[in-house]
> 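I am attaching a structure below and will ask some questions about it afterwards.
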Amino acid sequence: MKYKHNEIEKKWQDKWEESGTYRLSNKLSKEKKKYVLDMFPYPSGATMHVGHLEGYIGTDIVSRYLRMNGFSVLHPMGWDAFGLPAENYAIKTGIHPDRSTHQNIEIFKRQLKISGLSYDWSHEIDTSDPDFYRWTQWLFIQLFKKGLAYKKKAAVNWCPKDETVLANEQVINGKCERCDTDVVQKELDQWFFKITAYADRLISGLKRIDWPEEVKLQQKKWIGKKEGIIIKYKVEDSDFSVDCWTSRPDTNFGATFIVISPESSLVNKLTKEKYKKEMQEYVRRCQNTSKDDRISERREKTGVFSGSYAINDLNHERLPIWVSDYVLTEVGTGAVIGVPGHDKRDFEFAHTFGLLIKRVIVGKDKSRLPITKIDQVQEEGKMINSEFLDGFSTKKAISKMMDYLVEKGWGKKETHYHLRDWLISRQRYWGAPIPMVYCEDCGWQPISESDLPVLLPKDVDFLPHGDSPIARSKEFQKNVKCSKCGKSGKREVDTMDTYVDSSWYFIRFVDSKNQDQFASLENTSRWLPVDIYVGGGHVVQHLLFARFFWKFLYDEGLIDKKLGDEPFLRLKAPGWILGPDSRKMSKRWGNVVTPDDIIPKFGADVLRLYEMFMGPFEVVKPWSITGVEGMDRFLKRVWNLFNSHKEIYKDDKNLQTLMHQTIKKVTNDIENFRYNTAISSIMQYVNFMRDNGVDNESLRVLCKLLAPFAPHMMEEVWVNILKEKFSVHSSFWPKYEEKLAKNSAVSLVLMVDGHPRGELSLSGVEVSKEEIIDLAHKNERVNKAIGQRKVKNTIYIERKLLNFVTK
RNA sequence: GCCGAAGUGGUGGAAUGGUAUACACGCACGCCUUAAGAGCGUGUCCCGCUUAGCGAGAUGUGGGUUCGAGUCCCGCCUUCGGCACCA
């Protein structure tokens, strides 16, 4: 009997949907819940490819496994539907983003469904649906009320020709990706979320969660907490001073100049008449330099002397004050203390302009001579030429110097973070409108919550015209009232960063149809936090933002405190799947493999098994069509095994042992996302049965073990061959017995000096170490290997090996 | 430059510090077929020998710890990912 995957897969998919096999019922127990979540996809115009599917198959397997273990599993799917690509597509083709996005969603959804994924679609969400973004807007208002959303001026990438704001990804080498015009920085009033208020907790919370260490490290690095000190330098012949923040005050005796950023408000005050003209020109030039150019490391250092000097209180030395664009306004205080001997950037600057270079750290080569080459610039070591710090390590010197400066009143300790507040304003159309109204009397006021959602107007021309597209809607500004005083006001015309949507969607999933609340306390308490979260790619920021929102809701009591203040307890990141040519899948290389290329020919079960068998879940791996064919052969063998109950085994110890070993292995492997080895052990089990025969129990177990991986064929087998009650996916996962999983016959390795020299078969009976040593000495090869030497030591590991050491 | 991950057959990969190369892919030969395909079987790291076997070597590279290292420690090389003038 031939297995017709197309027919059978369709048949069971329909049956599962019709009987609600994966639907959650409210009767299920509260304690045994699991929330298994995929990072929801952006439904882009390019179709889904097999790479997207890797994570989805992984969560599907674990979800099915958990259900079979008696858990009620929330496993939802939805759409990160707002975003720039749809808008750009609209600009190019005139097709409204709403239309193109929803067409894409249909394609994605069909592809997920034919893959046999067990999502409970009754929880589906779409971030571009007013039902969803109403609560995104509501969240904004909660943050605003707590002072965590605020407006301030900030620079954006601006294309003067297209008259539009560009996202960082649209800026290629400092030029607009569409028209190649040089991108400039433009200051606009924009909304921010104060994520920095949570910086410390975003670090400390990492300790409590089961995430890959490298992801945690990346988060820590992104937050970039650094202890430092602000040192005040008096400016000579004036009554003001320059504040420099540094984490390395230990090298302060090596300071020879100060550099401030061109954007600093001090530039004008400090620049002496003689240098004014040159300075103005320099500052103007910096303004017109794109960020990319400014950052590119290869660029020579530039700068202009201000004519002013600051005084280093430590040694009363005069420090010339320069202006240079290698100093960034946003970092520290926007003013840097130049230590050219022990900082490469400062060295380059000093070298270019002929400034003094002092050594205060002994070189790696023990050198105490002046520093003349960049290779000699070294950040750590033993202090010299630094009075009271001499002889100390840099590490010790940092704290000594900090204390000293604080005591003298010259400095103030201050912790700085790399993390900045989150700029969420987008001068774009396809996003959630920011629910704020500007009133001449009351300033910025939120929409009253009962008036939500602020609908995204549809009558918008989204071609770039130099302002936010929504500003051109005729409807949008009609009858707008200040929620505080009732006077007419003007709506905010910017939309929110789509990261805002994706930072809380996982909460909406637990109660996606709720019309009165973002999610009920009952449902959040029942399902959250997320037990297993799977996804990769752009994750660093997403995870930080989502953790920030969660902590905020936690603090506000909008979710139950007993849920803890971390939303994702366990994280797994699937590795990329490369094309068959080992390059990243892309239209450009013509190496994209989609589920539609594979499923019609081989079926979803083959695709699922193959993807999980390719290699470790977290690792990058190339696609191979011959590998798919191999998996097709394997599944055919499985099908034949179930169809030809040729020899029936009775009471066979080997088969039973292997069965328990396989259950154990597959169970542990699924728990740890080691699907490739789970499948290989199932293969060994199948091979054994094919060669040696089967019995009823071993077949039933095989069907269950394989059910999460190949759900369609196993359902067919379960119902129509094994004649069991529908559905295998609601049956119980097999249990193994430790005792039965142990081989009764053990082959013990005999070694001499660590080299294998033979083996000893021990069956069942317990044998003592002494008896084994006796037996080993009867082995010819062992004796030959020992030869005339004396055995000095004997190492015995039960059931494993015996090693005679003669050396 | 900094941070992180990884280097094992022709290929994807397996291996709680305990017989390296499981499980697959590919290839070769054979069986079955008029034939092709499918299916099944056998073989497949490398060198040597007195060749049903035996012995030596091999997990990027050089050291170290250990009775024993792919696995742990130190140095170097290569590849991939992230960040990048962060003071």
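By convention in this document, chain letters (A, B, ...) are assigned in the order of the sequence lines, proteins followed by strands, and residues within each chain are numbered from 1.
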> Would you classify A:Phe634 as touching base, sugar-phosphate or nothing, given that sugar-phosphate means primed atoms plus P, OP1 and OP2, and contacts are heavy atoms under 4.0 Å?
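If one applies the 4.0 Å heavy-atom cut-off, A:Phe634 turns out to touch nothing in the nucleic acid.
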> Could you go over nucleotides 14-17 of chain B and give all protein N or O partners under 3.5 Å, atom names and distances?
from	atom 1	to	atom 2	distance (Å)
B:A14	OP1	A:Asn676	ND2	2.9
B:U16	O4	A:Lys800	NZ	2.9

> Do A:Phe545 and A:Trp422 have ring centroids that are under 6.0 Å from one another?
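Yes, close enough.
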> Using both distances under 3.5 Å as the test, list the Watson-Crick or G-U wobble partner of B:U51, or none.
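Answer to the pairing question: none, since B:U51 forms no Watson-Crick or G-U pair.
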> Is the backbone N or O of A:Ile230 less than 3.5 Å from a side-chain atom of A:Lys413, with the two atoms forming a donor-acceptor pair by type?
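No; zero donor-acceptor contacts below 3.5 Å.
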> Indicate, with a heavy-atom threshold strictly under 4.0 Å, whether A:Glu759 touches base, sugar-phosphate, or nothing.
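Base: the residue A:Glu759, judged by heavy atoms under 4.0 Å, touches a nucleobase.
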> What orientation do A:His351 and A:Phe347 show, parallel under 30°, tilted 30 to 60°, or perpendicular over 60°?
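A:His351 vs A:Phe347 ring planes: parallel.
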> From C-beta outward on A:Lys221, which listed nucleotide comes closest to its side chain: B:C3, B:G41, B:G18?
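The answer is B:C3.
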> So which nucleotide from B:C83, B:A5, B:A24 ends up closest to the side chain of A:Trp222?
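Within the option list, the nearest is B:C83.
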> Looking only at side chains, do A:Glu227 and A:Thr415 share a donor and an acceptor under 3.5 Å apart?
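Yes - a donor-acceptor pair under 3.5 Å links their side chains.
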> Write out a two-atom table: protein N or O, nucleotide N or O from nucleotides 64-66 of chain B, distance below 3.5 Å.
none

> Just to be sure I understand the rule, does A:Gly630 reach a base, reach only the sugar-phosphate, or reach nothing, if contact means heavy atoms closer than 4.0 Å?
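Since only primed, P, OP1 and OP2 atoms lie under 4.0 Å of A:Gly630, the category is sugar-phosphate.
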> Would you kindly give the CG-to-C1' distance between A:Leu544 and B:G82, to the nearest whole Å?
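So the two atoms are 14 Å apart, to the nearest Å.
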> So which nucleotide does B:A5 pair with, by the Watson-Crick or G-U wobble rule with both distances under 3.5 Å?
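Check on B:A5: paired to B:U79, both distances under 3.5 Å.
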> Which nucleotide in the set B:G55, B:A24, B:G41 lies at the smallest distance from any side-chain heavy atom of A:Phe613?
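It is B:A24.
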> Is there a donor-acceptor pair under 3.5 Å between the side chain of A:Tyr326 and the backbone N or O of A:Glu300?
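Looks like no, no N/O pair under 3.5 Å.
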> Searching all strands shown, indicate the nucleotide that pairs with B:G10 (Watson-Crick or G-U wobble; both distances under 3.5 Å).
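B:C25 is the nucleotide pairing with B:G10.
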> Between B:G12, B:A24, B:A20, which one does the side chain of A:Met683 approach most closely?
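Nearest listed nucleotide: B:A24.
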> Just how far, in rounded Å, is P of B:C67 from CG of A:Asp753?
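Distance, rounded to whole Å: 12 Å.
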> How would you label the contact of A:Leu217 with the nucleic acid (heavy atoms, under 4.0 Å): base, sugar-phosphate, or nothing?
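Since only primed, P, OP1 and OP2 atoms lie under 4.0 Å of A:Leu217, the category is sugar-phosphate.
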> If you take atom types as modelled and just measure distance, does the side chain of A:Lys792 reach the base of B:C67 with a donor-acceptor pair under 3.5 Å?
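It does not, because no donor-acceptor pair links the side chain of A:Lys792 to the base of B:C67 below 3.5 Å.
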> P atom, B:U8 versus B:U79: distance in rounded Å?
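Roughly 14 Å separates the two P atoms.
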> In whole Å, what separates the C1' atom of B:G64 from that of B:G68?
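Looking at atom C1' only, B:G64 and B:G68 are 15 Å apart.
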> Using purine N1 to pyrimidine N3 plus N6-O4 or O6-N4 for Watson-Crick, or N1-O2 and O6-N3 for G-U wobble, both under 3.5 Å, which nucleotide pairs with B:C32?
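Check on B:C32: unpaired, no WC or wobble geometry under 3.5 Å.
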> I'd like the C1' distance from B:G9 over to B:U44, given in whole Å.
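Approximately 10 Å lies between the C1' atom of B:U44 and that of B:G9.
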> Measuring from the side chain of A:Met751 (C-beta onward, heavy atoms only), which nucleotide among B:C67, B:G55, B:U19 has the closest atom?
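So the side chain of A:Met751 is nearest to B:U19.
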> With distance as the sole criterion, is a donor-acceptor pair present between the side chains of A:Asp753 and A:Thr806 under 3.5 Å?
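Side-chain D/A pair, A:Asp753 to A:Thr806: present.
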> Within the structure, does a side-chain N or O atom of A:Asn687 lie under 4.0 Å from either OP1 or OP2 of B:A22?
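Indeed not, no polar side-chain atom of A:Asn687 lies that close.
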> Listing time: all N or O pairs from protein to nucleotides 74-80 of chain B that are below 3.5 Å?
none

> Who is the Watson-Crick or G-U wobble partner of B:A38, with both distances under 3.5 Å?
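Pairing partner: none.
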> Counting just side-chain N and O atoms, does A:Arg633 come under 4.0 Å of either OP1 or OP2 of B:C25?
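Looking at the OP1 and OP2 atoms of B:C25, one of them is under 4.0 Å from a side-chain N or O of A:Arg633.
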> Watson-Crick or G-U wobble partner for B:C45, using a 3.5 Å limit on both distances?
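Looking at the geometry, B:C45 pairs with B:G57.
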> Send over the distance from A:Glu213 CD to B:G4 P, rounded to a whole Å.
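One finds 11 Å between P of B:G4 and CD of A:Glu213, rounded.
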> So which nucleotide from B:A22, B:G13, B:A24 ends up closest to the side chain of A:Arg637?
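Output: B:A24.
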> Are the side chain of A:Ser624 and the backbone N or O of A:Gly627 linked by a donor-acceptor pair below 3.5 Å?
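At least one qualifying donor-acceptor pair exists.
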> Looking at A:Trp576, I'd like to know if the NZ or CZ of A:Lys584 sits under 6.0 Å from its six-membered ring centre while staying within 45 degrees of the ring's axis.
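Pair A:Lys584/A:Trp576 counts as cation-pi.
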> To the side chain of A:Thr626, which of B:G55, B:G26, B:G12 is closest?
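My answer, after comparing the listed nucleotides, is B:G26.
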> For a ring pair (Phe, Tyr, Trp, His ring centres under 6.0 Å) with A:Phe257, tell me which candidate from A:Phe353, A:Trp322, A:Phe305, A:Phe349 qualifies.
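With A:Phe257 as partner, ring pair (Phe, Tyr, Trp, His ring centres under 6.0 Å) holds for just one option, A:Phe349.
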> Whole-Å distance between B:C25 P and A:Lys621 NZ?
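Taking atom P of B:C25 as the reference, NZ of A:Lys621 is at 19 Å.
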> Hey, is B:G9 sitting syn or anti, using the within-90° cutoff around 0?
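Syn, since the glycosidic angle lies within 90° of 0.
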> Under 4.0 Å between any heavy atoms, over every strand shown, what does A:Asp343 touch: base, sugar-phosphate, or nothing? Just pick one.
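Counting heavy atoms under 4.0 Å across all strands, no contact is made by A:Asp343.
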> Does the gap between the ring centers of A:Trp211 and A:Tyr533 come in under 6.0 Å?
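Between A:Trp211 and A:Tyr533, the centre distance exceeds or equals 6.0 Å.
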> Is it true that a side-chain atom of A:Ser261 and a backbone atom of A:Leu328 form a donor plus acceptor pair closer than 3.5 Å?
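No: the side chain of A:Ser261 does not pair with the backbone of A:Leu328.
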> From NZ of A:Lys301 over to P of B:C85, roughly how many Å is that when rounded to an integer?
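The distance from NZ of A:Lys301 to P of B:C85 comes to 10 Å, rounded to the nearest Å.
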> Could you tell me the separation between the CZ atom of A:Arg757 and the P atom of B:A56, rounded to a whole number of Å?
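Whole-Å distance recorded here is 4 Å.
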> What is the separation between atom CD on A:Gln219 and atom P on B:G81, rounded to the nearest whole Å?
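Roughly 21 Å, once rounded to whole Å.
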> So, do A:Trp222 and A:Tyr417 have ring centers that fall under 6.0 Å from each other?
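A:Trp222 vs A:Tyr417: aromatic centres not under 6.0 Å.
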> Which value, in whole Å, describes the distance between the C1' atoms of nucleotides B:C47 and B:G57?
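The same atom, C1', in both gives a distance of 7 Å.
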> Could you identify the nucleotide paired to B:U16, looking across every strand shown and requiring Watson-Crick or G-U wobble geometry with both distances under 3.5 Å?
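Base partner found: none.
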> What is the base-pairing partner of B:U65, counting Watson-Crick and G-U wobble geometry with both distances under 3.5 Å?
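Checking every strand shown, B:U65 finds no partner, since no pair has both distances under 3.5 Å.
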> For A:Gly627 and A:Asn793, find the nucleotide of RNA chain B closest to each by heavy atoms; which residue's nucleotide sits nearer the 5' end?
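Result: A:Gly627.
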> Whole angstrom is fine here: how far is it from CG in A:Leu635 over to C1' in B:G39?
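Taking atom C1' of B:G39 as the reference, CG of A:Leu635 is at 16 Å.
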> Without swapping roles, check the side chain of A:Arg359 against the backbone of A:Ile361 for a donor-acceptor pair under 3.5 Å.
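Present.
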> What about A:Ser747: does its side chain form a donor-acceptor pair under 3.5 Å with the base of B:U19?
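Checked by distance alone, the answer is yes.
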> Between A:Phe673 and A:Tyr675, is the ring centre distance below 6.0 Å?
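Close enough - the centres of the two rings lie under 6.0 Å apart.
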> Report yes or no: is the cationic atom of A:Arg583 (NZ for Lys, CZ for Arg) closer than 6.0 Å to the six-membered ring centre of A:Trp623, at no more than 45° off its axis?
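Not satisfied by the 6.0 Å and 45° rule.
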